[in-house]
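We name chains A, B, ... by the order of the sequence lines, and we start the count at 1 in each one. Since the structure is predicted, the reported quantities are computational estimates derived from the model, not experimental observations.
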Amino acid sequence: MAKIVIDGIEYEVNPNNNLLQECLSQGLDLPYFCWHPCMGSVGACRQCAVKQYRDTEDKEGMLVMACMTPASEGSIISVEDPQAKDMRERVIESLMISHPHDCPVCEEGGECHLQDMTLMSGHNYRRYDKKKVTHRNQYLGPFINHEMNRCITCYRCVRFYDDYAGGTDLSAQASHHHTYFGRHEEGVLESEFSGNLVEVCPTGVFTDKAFSSNYARKWDLQTAPSVCTGCAIGCNTTPGERYGSLRRIVNRYNSEINGYFICDRGRFGFDYVNSEERIEAPLARKEGQLAVVPKGQLQSAIDTFQGSDVIGIASPRASNESNFALRCLVGDENFYSGISDAEHEATQLILSLAKDSAFNAPSVRQIELADAVIIVGEDVTNVAPRIALALRQSVRNKAKELAEGCNIPQWQDAAVRELAQHDRSPLAILSSYATRLDDIASDIVIDSPTEIANIASAVANRISGHAPAASSDEASVAQIAAQLIEAKRPLVIAGSTSGSVSQLQAAANIARALNEKRGDVIDLCLLVSEVNTIGMSLLVNERNSLGAALEKISNGQTKKAIVLENDLYRRAAKQKIDEAFQKVEMLVIDQLPSATTAKASLVLPSTSFSEQESTYVNYEGRAQLSFQVHRNHAAALPAWRWLSDQQSGDIESLINRCAEEAKNFDKLDDLLPDLNQFVAGMKIPRQSHRYSGRTAMKANLNVHEPKQPVDDQSVMSFSMEGIPATKDSAVLGAAWSPAWNSNQSISKFQEEINGDLKQSHVGELLIERNETGSYLSLDQRPNNLNENLQVAVAYQIFGSDELSAKSNTIQERMTDAYVALSPKDAKSLDLNQGDSVSLDGNGNIAIACIRSKMKQGTVAVYCGDNDIDRHSLGTTIALSKVTEAKMKRGIQGLIVSDLCEEGY
Amino acid sequence: MSLEIGSPLTVGLILFAVIITGALLITVERRLLGFWQERLGPNRVGWFGSLQVVADMIKIFTKEDWIPPFADRFSFVIAPGIIMSVVLLSFAVIPFAPNVGVIDSNIGVLFVLAMASLGAYSVMLGGLSSDNKYALLGSLRAAAQMVSYEVFMGISLLGVVALAGSFNLREIVEAQSGGWYIIPQFIGFVIFLIAGVAESHRLPFDIPEAEQEICAGYHTEYSGMKFGMFFVAEYVGLVLIASLITVLFFGGWLGPTFLPPIIWFAIKAFGFIAFFILMRAAVPRPRYDQLMTYGWLFLLPLSLVNLLVTGVIILSTQ
Amino acid sequence: MVRLIVDTLLSQVRTLWLVFMKLFQKKDTVEYPDQQPYMFPRWRGRIILSRDPDGEERCVACNLCAVACPVDCIALQKGEMEDGRWYPEFFRINFSRCIMCGFCEEACPTNAIQLTPDFEMAEYVRQDMVWEKEDLLINGTGKYHDYNFYRVAGKKIEGKDKGEALNEAAPVDVRSLLP
């Protein structure tokens with residue numbers, strides 16, 4: 001800690017940071033543009049000028065850029081100095097010279113950092129009477145709108161997109177006042193994190209296109225703290241609602257998980273909530289057709305699904321509460337897992353590893369600290385995108401180390417990058433196909449899934465001789481092993497989504513070998529595919545797999561089943577499910593119609609993530625609470641409410657009960673905020689204090705305004721009533737602070753910049769690590785015995801997740817199911833790029849996608865939005881060309897680095 | 001039946017006239033206030049607004065008469081009745097003309113003072129039973145104000161009583177045939193005027209019901225005809241004070257004979273009513289503590305000195 | 001002391017006299033509706049939505065009127081025309097709540113929302129006081145005749161390319177090396 005004096009007041013600051021960051025940490029208002037808490041300083045915008053004095057004798061002082069000056073011991077600076085203020089006013093005046101008169105028709109208006117800073121700096125009138133520079137806009141795809149005229153050339157966009165997120169297709173072009181930020185030609189922005197440009201850009205150059213088509217100002221959005229349900233990371237988000245429809249999702253800061261950024265699946269994949277296809281009323285089968293249940297008959301229809309022979313099938317995308325309510329209803333023995341058998345097996349292994357005290361499941365922030373990483377068979381970018389972004393930061397640890405050696409502060413972003421050039425921390429990727437992280441990888445091994453497991457085993461064996469013996473002729477094994485041993489904080493990543501338990505076992509062996517060799521706790525990051533896979537699996541008995549449930553049905557042991565928010569056709573082979581569905585009467589609770597609801601005898605509508613308060617458990621076993629944002633006006637209820645008490649159910653008592661009764665969930669009730677800790681015990685409003693149209697929005701229906709809906713479930717209110725989070729952020733929806741209308745206001749809620757939010761909850765880690773384990777023997781299935789091709793399962797960020805794939809915005813970026821194969825295999829099968837192929841000769845049709853880096857003999861199959869029945873495929877398949885097949889989208893939207901040219 | 005003191009016809013006519021005058025005053029006051037404030041006042045209902053009083057009465061009779069559930073029902077209901085009856089009873093001793101009156105009492109002055117004291121109960125009960133903070137504050141103020149100003153009111157009258165040598169109002173009027181008591185008792189008149197306004201809590205001394213501070217004071221919770229009784233009683237009280245001033249200081253019905261005595265009485269009384277309305281239009285309301293200080297520290301000594309001087313003069317001239 | 005008392009008394013008497021003399025002065029009352037008062041052009045009465053000089057809707061659905069409204073009686077939803085203009089998909093004012101404060105007019109960056117001298121807006125049915133865009137939009141420019149927001153704004157619309165707005169240079173050719 002260093003002591004510095006700002007405007008005559010002494011502050012204790014961290015000397016490793018720059019003055020701007022420390023001023024903001026102390027809650028002072030100092031305008032800035034190019035600096036970003038997560039991206040350091042480059043000193044491009046000159047907006048944060050302050051006066052610095054040599055010593056107490058010095059009355060003159062000199063102007064310095066706060067972001068480029070270290071907060072060293074004894075510094076004396078002045079933010080309020082007239083000269084510094086004048087400088088800042090003139091700088092913003094010149095930045096604003098060509099800024100168009102656009103605010104009323106700009107999506108950023110009202111949450112614009114430029115508006116805030118202009119006001120803060122005191123500039124208000126354009127004195128420059130020459131012409132404004134203008135630019136032409138580009139089409140940047142379905143997510144992002146481009147309006148280049150508004151640019152103030154702070155360079156934040158390219159610093160985020162290129163330097164931070166590793167994008168290659170956005171650049172700064174031309175020079176001086178012609179500087180242009182765009183692509184080399186119009187086209188879709190390729191990065192999976194392009195949506196963050198909306199929040200990174202201090203003004204309205206990059207705006208949310210999907211939001212613009214269904215627009216509301218920030219102050220008009222009803223918001224609540226929520227958790228993204230797109231993947232197993234559980235990034236924190238703030239969804240916003242207006243006039244009954246969900247309008248947009250923005251990032252919500254959580255120091256342990258997502259920090260300042262989320263991926264595009266999370267940001268744009270919410271549209272299904274507003275879908276017209278949503279199930280709006282309870283439906284029952286009548287003469288073969290689903291029809292709305294008359295009001296009086298509903299309870300008796302539900303009551304038929306009670307009794308000791310009714311089984312319940314859980315869901316990895318339903319909340320803990322819904323799964324727990326189902327378990328309470330059907331009993332522990334009749335409560336079955338809702339994921340495929342292969343995934344169930346993998347998840348059980350992950351859970352057993354999660355209890356092992358030799359390992360640590362790293363949070364996203366901890367992943368950023370790793371300085372040697374091995375990824376075993378997992379396509380991180382498409383399965384858990386936010387972790388891919390964290391890995392891009394982890395490889396920079398080498399640069400940071402170099403900078404430390406040269407006495408360059410870490411926040412000197414340009415200098416650190418310049419120093420390191422292409423020196424990166426090691427990242428080894430073992431995968432069946434080229435991934436989006438290959439550009440930062442030090443070692444890339446592409447092979448068949450079985451071989452990947454074998455190579456990983458060889459790495460483990462190389463690290464410690466106690467690991468099961470395995471040999472591989474792969475040259476990089478020794479190097480990878482050495483890097484992991486030498487690293488300060490090695491990290492092993494694997495997951496259940498690769499569909500191969502052996503890879504998972506091999507990865508666990510690497511971690512155990514490292515633990516044995518190094519003696520410290522090893523970061524072992526094991527990914528699962530869906531938001532609550534871990535939470536659901538913690539509630540389910542190990543032997544109660546979906547296969548066991550289907551067996552019970554086909555044996556005739558049960559005639560009735562309750563299926564919770566799950567399309568079982570995505571979980572097991574179609575033929576098996578069809579067979580089972582003929583023998584069972586089903587109650588299905590879901591939000592959208594699916595192949596499963598079509599076969600149900602009773603369908604109950606459930607609420608989406610934004611319409612219910614719920615908890616989810618992420619990949620590390622971290623439970624998080626997600627608040628209800630808005631109400632569902634149809635008959636939909638949270639699934640747990642259908643399963644317990646429809647009238648007077650209370651989420652808090654259910655969570656308390658779950659914490660008491662369910663094993664491993666005993667910390668769940670710590671997530672619930674206590675109303676008594678708030679000012680005067682008042683609730684937190686979901687609407688901003690500027691929420692408009694209260695007396696007019698429903699006046700067309702009835703001029704007598706209805707009473708504001710009362711939320712008896714949570715600590716939040718559905719109105720402006722209550723005390724909003726200002727400095728206290730125990731329940732922080734949309735961040736806002738006086739004079740800080742943009743998302744940059746989050747700094748006012750942090751303990752210090754990049755620190756935890758004041759009084760906030762970063763989630764509770766549920767699983768206790770108190771077991772010791774041993775090496776696992778690999779569960780290898782017989783290798784490529786016939787002439788067929790070995791199958792690796794491929795994922796896509798846009799399309800693999802069931803619900804987000806129903807969103808219109810996401811659908812614009814989705815591709816059809818494809819089979820990626822090597823040029824040689826393609827030649828032998830006489831396939832051209834984009835041809836349709838049949839898998840195993842049955843009805844599964846996919847598009848041939850010829851990729852130069854695929855290993856011969858291995859294909860990667862992407863199943864689309866369940867267009868291909870994945871579970872009916874074996875470990876090997878035969879491909880055959882089909883001429884007449886109509887595909888919906890093609891694979892034009894596919895973004896991979898090694899796609900062969902047409903005709904190759 | 002003939003017009004003589006105490007005959008049922010006379011009593012009926014007086015009662016009718018007093019109440020109608022009180023009701024009419026509602027319109028007259030609004031009209032006069034309008035003129036004095038450079039407005040027209042109500043002029044839409046009937047000829048020059050003459051039927052406004054009918055409209056007002058229809059309104060007040062058909063309004064919902066609501067008793068708040070938190071109020072003390074019994075005292076809430078009797079409070080407006082008390083004030084209405086005491087004000088009307090006071091008219092019993094007023095000599096309107098030589099042959100017009102209800103009773104010819106030897107203790108007329110004392111009777112009027114006694115009735116005025118009873119009026120305080122009505123205001124107090126109304127305010128307390130409403131169980132409303134504004135009503136409570138209003139009734140506290142009213143009780144203090146009425147009790148205080150009764151003192152000076154009584155003392156200021158004693159000069160007149162001493163000059164006339166009687167408590168009988170008729171005798172007081174007849175004693176003025178040589179000259180109105182306004183001249184020897186000018187100070188007594190001024191004190192009585194002020195105390196009378198305070199007693200009937202009319203502006204500028206409407207502190208118990210000061211809208212800007214305490215809603216409507218003691219009758220905040222009243223509505224319908226119960227409010228109407230408070231309302232009309234205030235105007236009837238106004239007529240009473242005007243009549244008393246006429247009787248005590250302006251020679252009652254006495255006047256040149258080209259007009260009958262009752263008309264002289266009406267003209268004089270109406271003059272004072274108009275003067276009260278003018279005061280409402282012109283003089284602002286003092287603060288509550290100013291009113292009390294003014295009464296006890298200024299009016300009380302002044303009235304005592306007035307009585308003393310009057311006594312000295314009477315004794316020295318005998 | 002005596003002086004003070006006398007002055008005070010005389011002041012009261014003078015007040016009474018002056019107020020009494022008002023009886024004989026001309027009254028200020030205007031006998032509406034027999035007599036129609038003159039309404040000043042900037043009177044804050046019935047709210048309208050105006051059109052720009054080219055006859056297009058001026059409102060760009062920026063929501064500033066709605067947020068400025070102290071009684072929250074304005075609700076609207078932004079839409080976008082094919083030519084690039086923003087416009088309100090619906091625009092609703094609940095006049096039974098409106099207090100005619102004129103904040104919406106002050107907040108409006110495009111001079112679209114204006115208050116007019118018409119104040120005779122009473123209705124027997126309260127529901128009739130909810131006005132939609134069809135009721136509010138007039139065929140004229142209202143009080144401000146010349147202002148056309150899109151001629152000033154940098155946003156491109158059909159018929160006005162980049163660089164054609166007021167005070168704008170032609171778009172930059174990014175590939176040019178000239179200074």
Side-chain angles (χ1 to χ4, degrees), chain A residues 98-107 109-110 126 128-138 147-150 173-182 184 204 212-220 242-243 245 688 690-705 720, chain C residues 59-69 71-80 84-86 90 92-98 108-110 125-132 149-150 152-157 161-179:
Chain A
S98 287
H99 196 72
H101 187 68
D102 261 4
C103 294
V105 291
C106 175
E107 292 86 346
R126 183 177 186 259
Y128 183 76
D129 58 357
K130 305 294 181 296
K131 294 198 162 178
K132 292 178 178 178
V133 177
T134 60
H135 296 277
R136 294 214 176 274
N137 303 332
Q138 286 181 329
E147 188 65 47
M148 189 53 211
N149 276 2
R150 298 169 186 159
Q173 295 154 23
S175 60
H176 53 91
H177 63 294
H178 289 178
T179 310
Y180 188 89
F181 297 93
H184 67 292
S212 180
S213 65
N214 197 9
Y215 186 68
R217 294 277 178 210
K218 181 186 182 185
W219 59 71
D220 280 342
R242 174 85 173 161
Y243 299 133
S245 71
S688 79
R690 284 288 199 188
Y691 197 80
S692 78
R694 183 176 47 85
T695 63
M697 52 203 295
K698 287 175 189 150
N700 56 331
L701 306 173
N702 188 350
V703 70
H704 304 280
E705 290 123 32
M720 294 183 247
Chain C
C59 176
V60 297
C62 72
N63 276 293
L64 288 183
C65 51
V67 73
C69 180
V71 290
D72 287 344
C73 74
I74 304 178
L76 67 154
Q77 169 61 46
K78 174 236 163 181
E80 204 163 335
R85 285 166 184 271
W86 284 26
F90 70 84
R92 186 180 306 130
I93 299 182
N94 181 353
F95 277 112
S96 74
R97 286 286 188 184
C98 180
C108 184
T110 66
V125 182
R126 205 175 142 202
Q127 187 67 51
D128 294 346
M129 300 195 74
V130 178
W131 290 36
E132 297 288 341
F149 172 73
Y150 281 108
V152 185
K155 201 170 168 67
K156 174 183 164 183
I157 55 165
D161 201 2
K162 288 279 173 204
E164 289 178 6
L166 196 73
N167 239 337
E168 275 189 356
V172 166
D173 178 7
V174 178
R175 287 178 172 76
S176 161
L177 292 175
L178 294 172

Once you round to the nearest 0.5 Å, how far does CZ of C:R92 lie from CE of A:M697?
->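 CE of A:M697 is found 9.0 Å from CZ of C:R92.
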NZ on C:K78 to CD on A:E107, rounded to 0.5 Å |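 That separation rounds to 5.0 Å.
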Taking all non-hydrogen atoms of both residues, which atom of [X] and which atom of [Y] are closest, and how far apart?
X: C:N63; Y: A:R217; answer: CB-CG, 3.6 Å
X: A:V703; Y: C:Q127; answer: N-OE1, 2.8 Å
X: A:T134; Y: C:A170; answer: OG1-C, 3.4 Å
X: A:P104; Y: C:C62; answer: O-CB, 3.2 Å
X: C:G154; Y: A:D102; answer: N-OD1, 2.9 Å

With a 4.5 angstrom heavy-atom cut-off, is it the side chain or the backbone of [X] that approaches chain C, or both, or neither?
X: A:S212; answer: both
X: A:N702; answer: both
X: A:Y691; answer: backbone
X: A:H176; answer: side chain
X: A:Y215; answer: both
X: A:N700; answer: both

Under 4.5 Å from any heavy atom of chain A, what part of [X] do you find: side chain, backbone, both or neither?
X: C:R97; value: side chain
X: C:C73; value: both
X: C:V130; value: side chain

Has the side chain of C:K155 got a donor or acceptor atom that lies under 3.5 Å from a matching backbone atom of A:C106?
->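 No; zero donor-acceptor contacts below 3.5 Å.
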Measure from the side-chain N and O atoms of A:R694 to the backbone N and O of C:D72, and report whether any donor-acceptor pair falls under 3.5 Å.
->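 No, the answer is negative, given that no donor and acceptor are paired below the 3.5 Å cut-off.
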CA sep, side-chain torsions, deciding dist, call: C:L166, A:H101, side-chain contact (heavy atoms from CB on, under 4.5 Å) | CA-CA 10 Å; C:L166 196 73; A:H101 187 68; over 6 Å; no
Among C:I93, C:T110, C:L64, C:L76, residue most engaged with chain A (heavy-atom pairs, under 4.5 Å) =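 Highest number of pairs under 4.5 Å: C:L76.
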Run the numbers on A:H178 and C:V174 for side-chain contact (heavy atoms from CB on, under 4.5 Å), then give the verdict.
-> CA-CA 7 Å; A:H178 289 178; C:V174 178; over 6 Å; no
Based on non-hydrogen pairs under 4.5 Å, which of A:P100, A:A174, A:A696 is most in contact with chain C?
->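 That would be A:A696.
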Does anything in residues 161-175 of chain C pair up under side chain to side chain donor-acceptor pair (under 3.5 Å), and if so which pairs, sequence neighbours excluded?
->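 Residue pairs with at least one partner in residues 161-175 of chain C: A:R136-C:D161, A:E147-C:K162.
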Partners of C:W131 by ring-ring contact (aromatic ring centres under 6.0 Å, His included), sequence neighbours excluded?
->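 Per chain and number, C:W131 pairs via ring-ring contact (aromatic ring centres under 6.0 Å, His included) with C:F95.
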